[in-house]
Amino acid sequence: MSQDSLMIIGGQWGDEGKGKVVDLLSGGFSAVVRYNGGNNAGHTVRYADRHFALHLVPSGIIHPGVKCYLGSGMVIDPTGLVAEMDKLESEGIDIDGRIILSPRATLIVPTHRALDAAREGMRGAGKIGTTGRGIGPAYQDRAQRRALRGHVLADQPAMLRQRAMALMEQHNYELETLFKTEPVDLEAAMTELEKMAQRLGPMVGEVGPALRRHAAAGEAVLFEGAQGVLLDLAWGTYPYVTSSSCLPGFAAASCGITPKLLGPVIGVMKAYATRVGSGPFPTELDDAIGSGIRERGAEYGTTTGRPRRCGWFDAVAARFAVEVSGIDAVALTKLDILDGVDEIKVATSYKLPSGETIDTFPADAEVAEALVPQYETLPAWAAPTEGVTNEAELPSEALDYLHYLEEKVGVPIAIVSNGPRREETMVRGNTALADRLRGIIGSR
Ligand code: GDP
């Protein structure tokens, strides 16, 4: 599998357009794996005239026959997963026997959602900007070793009831005593969970052995990361980060496989930058250019509908992401959204309040908040890049922008996306990885 597997991760603050890139490539794989996060992720995939919003199910589900795995490092909201499966089925996608859920994945129960809302409500101005889906509290229970895990969905119903009730009673105690808020109706929550278990129980299965079987059969596997490196629990802008690791190595831990089975890493990055919720974002544009990018790029959250903060491409943050996660090549998306701007800026270093210049991302979010990005300015292009599928037909300034970013970020840009549709994509360069990508996209 090592030769044939591939990993796609977000190289910025999430929402980089991973959904399109994964979807573009997933037809070339026998299996697609999600290994981190939960239904706080939102991937938008367009297929012909259809539009799918996926939160938990790997994007490979759109392609007939591709197996979709949910690893142990994920947190799974049973209600959310069933809703997503129902939606896919109502759209005519055959999902039967194609989704495999790790018995070791952490389950989100209704009381987790209530805890999430209660805790975020208490934070006042220090809000982390969670999606309120219970992700953080579920990961917290995992670390606290009291979580419910996927296998309970396949256990005897009495066992599920006993374990779930015990956990949710603890949650209700915390809601009432710690947060002074209303407890959750446990009977209603239990009924919901029992109903979901009937649907999901048969899908529970170990992921690692299945992936090893794919490998032994010479079948290629695609690993699909959620969120982005700068939202990683350790390497992101802590504490304004997600509750799981977004780095490639976590896929091995999540699936119970050797890291040798993971393939080259493609980091998806936008031609500019966006961020949802609070936290450091050095290149944020609080002006007409920023709102112009937001409108043209439809930068509103897939999961929450929240407007995204928009800004220039941050080459310091991008190179940091490349270094800490071992990105081999970049897939640059939404180049077309920069069509029509007057000039383009790229942050190449930061200035600290002391006057010192740094060229890496600091560990402390407070330090990061105070950074002043130092920009280099590049000429914009007059002719549109939208929908151009041949590199030679790109305006020369757009091509210069790609070369410039490659130099600053330190790895090749192997894929350029300049429109939401599959066709609006080009694979660049003559590296072995680019040839392989061309082969996958061309073979579909
Ligand atoms: P993800 O979570 O990383 O998949 O990001 P989103 O769900 O926010 O997806 C990005 C959005 O941008 C989706 O609506 C895509 O259809 C769209 N998109 C992806 N690539 C491009 C592109 O190159 N140009 C344009 N205009 N839209 C794109």
Side-chain angles (χ1 to χ4, degrees), residues 7-26 32 34 36-62 84 131 133 222-232 242 246 266-277 292-310 313 321 327 330-341 384-389 391 394 398 401-402 405 413-428 441:
M7 171 151 290
I8 296 177
I9 66 165
Q12 294 162 315
W13 281 279
D15 310 312
E16 299 92 347
K18 291 181 293 295
K20 173 180 167 176
V21 178
V22 172
D23 178 57
L24 197 62
L25 298 171
S26 56
V32 182
R34 270 279 310 269
N36 68 334
N39 55 345
N40 48 347
H43 285 176
T44 316
V45 178
R46 285 181 192 207
Y47 186 47
D49 294 336
R50 297 155 76 197
H51 196 266
F52 300 90
L54 299 169
H55 302 286
L56 281 165
V57 179
S59 311
I61 200 75
I62 313 293
E84 207 168 308
T131 51
R133 310 221 155 191
L222 180 66
F223 295 88
E224 175 183 349
Q227 286 94 32
V229 174
L230 294 158
L231 292 175
D232 177 86
T242 195
C246 305
I266 299 202
V268 185
M269 300 186 188
K270 278 178 196 168
Y272 47 96
T274 63
R275 164 158 211 167
V276 175
I293 292 176
R294 182 176 310 116
E295 293 316 312
R296 273 198 311 282
E299 296 296 353
Y300 294 89
T302 319
T303 303
T304 58
R306 283 186 286 187
R308 294 176 184 148
R309 300 156 67 192
C310 299
F313 189 92
I327 289 170
V330 167
L332 194 77
T333 62
K334 294 196 153 183
L335 185 66
D336 55 301
I337 302 305
L338 294 182
D339 289 356
V341 296
T385 66
E386 189 183 344
V388 174
T389 50
E391 189 178 348
L394 279 179
Y401 184 51
L402 300 181
L405 293 186
I413 298 174
I415 294 178
V416 174
S417 166
N418 49 6
R421 294 204 310 273
R422 287 182 182 209
E423 315 77 77
E424 293 166 322
T425 316
M426 54 186 121
V427 181
R428 303 174 63 242
I441 295 172

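Since we're looking at a predicted model, the values are computed, not measured. Each residue takes its place number in the sequence, starting with 1. Whatever order the structure lists them in is the order used to number ligands and atoms, beginning at 1.
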Inset, instruction - Taking only heavy atoms of K18 into account, list the atoms of ligand 1 that are under 4.0 Å away from them. - result: 1 (P), 3 (O), 4 (O)
Inset, instruction - Determine the sole option in T425, L332, T333 for which the side-chain contact (heavy atoms from CB on, under 4.5 Å) test with V21 is passed. - result: T333
Legend entry - N or O contact, G419 vs ligand 1, cut-off under 3.5 Å: yes
Inset, instruction - Please confirm whether the backbone N or O of R422 pairs with a side-chain atom of E424, one donor and one acceptor, at under 3.5 Å? - result: no
Legend entry - Under-4.0 Å salt bridge between R296 and E386: no
Legend entry - Residue pair E224 / V32: nearest heavy atoms and the distance that separates them: OE1-CG1, 3.5 Å
Inset, instruction - Select one of side chain, backbone, both or neither to describe which atoms of K20 lie under 4.0 Å from any atom of ligand 1, heavy atoms only. - result: side chain
Legend entry - Under 3.5 Å: donor-acceptor pair, side chain of N39, backbone of H55: no
Legend entry - Test item: K20 side-chain N/O and R421 main-chain N/O as donor-acceptor pair under 3.5 Å: yes
Inset, instruction - Determine whether the side chain, the backbone, both or neither of R308 has a heavy atom under 4.0 Å from any heavy atom of ligand 1. - result: side chain
Inset, instruction - Take every heavy atom of G10, measure it against each atom of ligand 1, and state whether any distance is under 4.0 Å. - result: no
Legend entry - Contact check: I337 vs ligand 1, nitrogen or oxygen atoms, below 3.5 angstrom: no
Legend entry - E16 neighbourhood, listing ligand 1 atoms whose heavy-atom distance to it stays under 4.0 Å: 3 (O), 5 (O)
Legend entry - Atoms in ligand 1 with a heavy atom of G19 nearer than 4.0 Å: 1 (P), 4 (O)
Legend entry - N418 and ligand 1 - part of the residue with a heavy-atom distance under 4.0 Å: backbone
Inset, instruction - Provide the number and element of each atom of ligand 1 under 4.0 Å from a heavy atom of S417. - result: 20 (N), 21 (C), 22 (C), 23 (O)
Legend entry - K270 side chain vs F313 backbone, donor-acceptor pair below 3.5 Å: no
